[in-house]
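Residue numbering restarts at 1 for every chain, and letters A, B, ... go by the order of the sequence lines.
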Amino acid sequence: MTTFRPANEHELGDCLTHALADKQTLDVRGRGTKRGLGRDMQTDHVLDMSGFSGITLYEPEELILQARAGTPLAEIETALTAHKQELAFEPCDLGPLLRGVAGEGSVGGMFACNLSGPRRIKAGAARDHFLGVTAYSGRAEMFKAGGRVVKNVTGYDLCKLLANSYGTLCVMTDVTVKVLPAAEKTRTVLVFGLDDTAGVAVLTKALASAHEISAAAHLPADVAGRSSVSHVRNAGTSVTAIRVEGPARSVAHRCEALRKLLGAGEELHSQNSKVFWCELRDVHPFVDDPRAVWRISVAPQAGPAVGVALKGLGDVSVFYDWGGGLLWAAMLPGVSPLDIRAEVTAVGGGHAMLVRGDSELRKTIPVFEPQKPALAGLTRRIKDAFDPQRILNPGRLAPDS
Amino acid sequence: MSSLRMPAPDQAVLARRAEIIAALRAILPSANVIDAQNEMKVYESDAFTAYRQMPMVVALPETTEQVARILRYCSDQKIRVVPRGAGTGLSGGALPLADGITLGLSKLNRVLEIDFNNRAVRVQPGVTNLAITKAVEHAGFYYAPDPSSQIACTIGGNVAENSGGVHCLKYGVTTNNLLGLEVVTLDGEIITLGGKYLDSEPYDLMGLMAGSEGLLGVVTEVTVRILQKPAIARAVLLGFSDNESAGACVSRIIAEGIIPGGLEMMDRPAIHAVEAFVKAGYPLDVEALLIVELDGPSVEVDELLERVLPLARACGAVYERTSSSEAERIKFWAGRKNAFPAIGRLSPDYLCMDGTIPRRALPQVLKRMRELGEHYGLGVANVFHAGDGNLHPLIMYDADKPGELDRAEKFGADILKLCVAVGGVLTGEHGVGIEKRDLMPEMFSEDDLKQQQRVKCAFDPEALLNPGKVFPHLHRCAELGRVHVHRGETRFPDLPRF
C-alpha cells in the first residue's frame with residue numbers, strides 16, 4: 001500500500017490514470033478525519049488530498065468562498081469569522097466522536113459527507129450551500145459543475161450528487177460554498193422535566209410559531225447530565241432547548257414571546273448558548289461513551305416513537321435534534337440493525353446510519369440505509385457514470401458499491 | 001423556426017401514430033388522449049413562444065400508475081416523451097417533439113396531505129405553486145419559493161426547473177424547500193426519494209432531480225416544507241441616479257450582515273414601463289430603483305430599517321419611501337411582479353433572459369448591454385434579483401419584422417456570454433431548455449457536458465425523455481460509457497510518497 005499525496009492537478013490526473021490502467025483501488029481522503037465513517041473498506045492505495053489546500057477566492061459581499069478541497073475547515077472558519085460570516089449549516093466536527101481530534105477536517109470531506117448541524121432545520125444542509133465543484137472522476141477526467149454565484153440552474157446539479165457521496169464518485173479538487181452573515185446574537189430558551197414526547201411537542205409548538213427558531217433539541221436526563229454547561233448538567237432532569245438568533249432587540253423580543261408561549265423557565269445567553277449547541281452539533285454527549293453511535297432521520301413527530309422503541313432494545317441512550325427529526329443514539333454493538341431500521345419503517349420511513357462502530361462492526365452490517373431494488377439499481381448506474389472501474393472508495397457505501 | 005435545431009423526427013414512429021394513440025387509449029380514458037390538431041394547438045409551445053412544434057399526441061394521465069404504464073410503453077416501443085406542467089416555462093423545456101408524446105401532468109392536481117406538525121405538504125405535481133400556500137395560509141404557513149408565475153406554474157414544473165422567485169435569497173429556491181419526491185423512471189419504475197424527514201442515504205437523487213428539466217424522470221408526487229409567515233414585512237423603495245450607486249447599496253446592505261427577504265432592482269426602462277402599466281407609485285426621475293423588503297418580528301424589521309436607510313443615503317439614494325401599510329407594500333411589489341406584462345405592452349414580442357452575475361460586475365454588464373442594444377437596434381429593459389445577482393434583461397422585438405427575432409436571439413446570446421465572461425452563469429432560475437442549449441459550451445467543456453450526459457444515461461440510456469433539451473450534442477450512451485485510458489510514459493512521476 002502506497003499513500004499518494006498529489007500536489008497539483010497534473011499529479012492527481014496521473015495518479016488516477018495509472019490506478020485506472022492497473023485496476024488499483026484508492027482510499028480517497030481529504031485530511032483523513034472521517035475514515036471511520038462508512039463501511040470498512042480494503043483498498044490497494046491511499047489518495048491523500050491534503051496537498052490541495054488553501055482559500056482561492058473569498059468575496060464576502062458576493063456571499064461566496066472558493067477553496068481547494070483539502071483546505072482545513074478551521075482555516076475557512078477563521079477567514080469567515082474575520083468578516084462576521086459563517087457556514088450557516090453549522091457543519092459538525094465528528095473528529096472526537098470518531099476517536100480522533102477536533103478541528104482537523106477538510107472542506108471537501110465536509111461536503112463528501114454532507115455534514116450539517118442543528119441549524120439544518122432553518123438554513124439547510126451542507127448540500128444546500130454547495131455551489132460549485134471541480135473534480136476528477138474515476139475515469140481520470142477532470143470536470144466542473146455548478147458555478148460561483150449563489151443562484152444557478154445551468155445543467156444538472158451535480159454538487160447535490162457529490163455531497164453525501166463519501167468520495168465514491170470523484171475526487172474533488174476545488175469547491176465553492178455559499179457563505180452568510182453570522183447572527184449577531186444567540187440565545188436559548190430551556191424547558192425542563194419533559195418526557196421525550198412532551199419535549200418534542202414543545203419543539204413543534206415553537207417551530208410552528210413565527211419566531212424563526214434556528215435550532216430545536218430535546219435531551220433526556222441521562223444525556224443532559226453530560227453537558228459542560230452547568231445550567232443543563234445540573235438540571236437533574238430532561239432539557240428541551242430552543243435557539244433564537246438575530247439582531248439583539250429581535251432576539252430578546254422573541255425569547256420573551258417564546259417563554260410566554262411555552263411556559264419556559266431559563267435562558268442560555270451568548271457563550272453558554274454557543275457551547276451548548278456546539279456540543280450537540282459534535283455529538284459531544286457520546287464522545288466518551290464506549291457504545292456504538294447511530295444517526296437516525298425521521299419525520300420530526302415520529303422521533304419520540306422511534307426513540308422510545310430503541311430504548312426498549314436494551315442499553316440505549318438517545319437525544320433529539322432538528323425539532324425531533326434527528327436522533328443520535330448510543331447502543332451496544334450487538335443491537336441488530338434490522339431491529340433499528342424496523343422502527344424507522346414503522347413510523348413511515350427515514351434513514352438510519354451507523355456513525356461510530358469498530359471496523360469489524362462496519363464490515364459486517366449495512367452502515368447506510370439499504371435501498372429498494374429499483375433505487376439501488378439507479379444508485380449503481382450513477383456510480384458507473386462516474387467511476388465504472390470502481391477505483392474510488394470501493395465498498396464504502398455497500399459491499400458491491 | 002429560427003436557428004435552433006431539434007432531433008430529426010423518427011419517420012418509423014410517425015408512421016405508427018394511429019397504433020400509438022390506440023395504445024395510449026388502452027391506458028387512459030379516451031378523452032385524456034388528445035390527437036386532434038386543433039385541440040393540440042395549446043400544447044405547441046410553453047412560455048418561450050419563439051419556438052413552436054405540434055406534438056405527435058398529448059397524453060394526460062390521472063394517476064402515478066398511468067404515468068408508469070405510459071413510460072414503460074414508451075421505453076419498450078422507443079417513443080420519445082416530453083413531460084409538461086402548466087407550460088409556463090421560459091426556456092422551451094416543454095417544447096413538443098413532432099414524433100413525441102407530450103405527457104401533461106395537469107390532471108394530477110390534488111393536495112394529498114397537509115401535516116402542520118411536521119411542517120410538510122404532500123401534493124401531486126399539477127398543483128400550482130400558489131395553491132400550496134392557499135392550502136396552508138389559514139394556519140399562518142406558506143410555501144416560500146414564489147416565481148412570478150406562481151398563480152399558474154405547477155410544483156412539478158418548479159421541481160423540473162428548480163424555480164426561484166423574489167424571496168429566494170433568504171428562503172432558498174425549490175431544491176432547498178423539498179423534502180420528498182415520487183418519481184417514475186422511463187422503465188416505469190416508481191421510486192420514492194425522501195419523505196417528511198431531512199437528507200438521505202447516498203446518493204442524493206432528489207437533489208439531482210431538482211433542476212433536471214424533465215430529462216431524468218417524471219415527478220408524480222412532491223413533499224415540500226412549509227414555513228410560518230413572518231410576523232410582519234415592510235418594503236422600501238430606493239431610487240438612485242445611476243446603476244453603480246444602486247449596485248453599491250446592495251453590496252453594502254449584505255456586507256452589513258443583513259439578508260433582506262427581497263432585494264430587487266429595476267433600470268430606467270423597466271421603471272417607466274411598469275409605472276405606465278400598474279401605477280405602483282415608482283419615481284420616474286431615477287436611473288435605478290431598489291425594492292428592499294425586510295421581514296420578521298416587527299421589532300427586528302424596525303431595527304433593520306434604521307440600519308438600511310442611512311446606508312442607502314450614504315450610497316447616494318435620491319428617493320426613499322417605506323411602505324406604511326400592507327396594501328402599500330403589495331402595491332410596491334405589484335409593479336415588480338408585472339414587469340414582464342408591462343414590457344409586453346410596449347413591444348409586440350420580447351425575449352426574457354436569465355443570467356446570473358457576481359453583483360459587483362453589474363455596472364459593467366449594464367453598460368455593455370446598452371451598447372449591444374444600440375448595435376442590434378433593439379430596446380432592452382432590466383429587472384434584477386439584485387440580492388443574488390440574477391439578471392432578467394427583457395429584449396424587445398417584433399416577430400413580424402423580418403430578421404428581428406434573429407437579431408434579438410443574437411443579442412440575448414451576447415448578453416449570456418457576457419454573464420459567463422464576468423464569472424456568472426447562463427441561467428439563474430429559468431433553465432437551459434432549448435433557449436440556452438447551444439450556449440452550454442460557453443460555460444462547460446466537452447468533458448463537463450459528457451459527465452452530465454453520463455448521469456442522463458443512468459436514467460435514460462436511449463435518450464427518449466425530453467431529448468434535444470439542455471445538451472447541444474447528443475452522444476450515444478455506449479460511447480459515453482467507454483473508459484479511455486491515456487497512460488503517459490512515466491509511472492506516478494514525481495509523486496511524493498510517504
> Between B:M440, B:K450, B:R307, B:K436, which has the largest tally of heavy atom pairs under 4.5 Å with chain A?
Replying inline: B:R307

> Quick one: what part of A:F368 sits under 4.5 Å from any heavy atom of chain B, side chain, backbone, both or neither?
Replying inline: side chain

> Has the side chain of B:Q451 got a donor or acceptor atom that lies under 3.5 Å from a matching backbone atom of A:A385?
Replying inline: yes

>> Please rank A:S165, A:G124, A:A352 by heavy-atom pairs under 4.5 Å with chain B and give me the top one.
In response: A:S165

>> Would the distance check show the side chain of B:D447 and the main-chain N or O of A:F143 forming a donor-acceptor pair, the cut-off being under 3.5 Å?
In response: no

>> If I measure from the heavy atoms of chain B, does A:Q85 come under 4.5 Å with its side chain, its backbone, both, or neither?
In response: neither

>> Between B:G428, B:G257, B:G207, who has the most heavy-atom pairs with chain A when the cutoff is under 4.5 Å?
In response: B:G428

>> For the backbone of B:V425 and the side chain of A:R148, can you confirm whether one donor and one acceptor N or O come within less than 3.5 Å of each other?
In response: no

>> Can you tell me which of A:K178, A:E184, A:R380 forms the most heavy-atom pairs within a distance under 4.5 Å of chain B?
In response: A:E184

> Between A:L20, A:L180, A:I382, which has the largest tally of heavy atom pairs under 4.5 Å with chain B?
Replying inline: A:I382

>> Given heavy-atom pairs under 4.5 angstrom as the criterion, report whether the side chain, backbone, both or neither of A:F386 touches chain B.
In response: both

>> Check B:D199 with A:R120, please: is the shortest side-chain N to carboxylate O separation under 4.0 Å?
In response: yes

> Given that the side chain runs from C-beta out, which part of A:K84 has a heavy atom under 4.5 Å from chain B: side chain, backbone, both or neither?
Replying inline: neither

> Given a strict heavy-atom distance threshold of 4.5 Å, which part of A:T154 is in contact with chain B: side chain, backbone, both, or neither?
Replying inline: both

>> Between A:K151 and B:E429, does any side-chain N to carboxylate O distance fall below 4.0 Å?
In response: yes

> For A:R249, is it the side chain, the backbone, both, or neither that has a heavy atom closer than 4.5 Å to a heavy atom of chain B?
Replying inline: both

>> Applying salt bridge (charged side-chain N to carboxylate O under 4.0 Å, His left out) to B:E303 and A:K185, what does each step give before you reach the verdict?
In response: CA-CA 14 Å; B:E303 178 173 346; A:K185 291 282 174 199; over 6 Å; no

>> Does B:E256 have more than 12 heavy atoms from other residues, nucleotides or ligands lying within 6.0 Å of its CD?
In response: yes

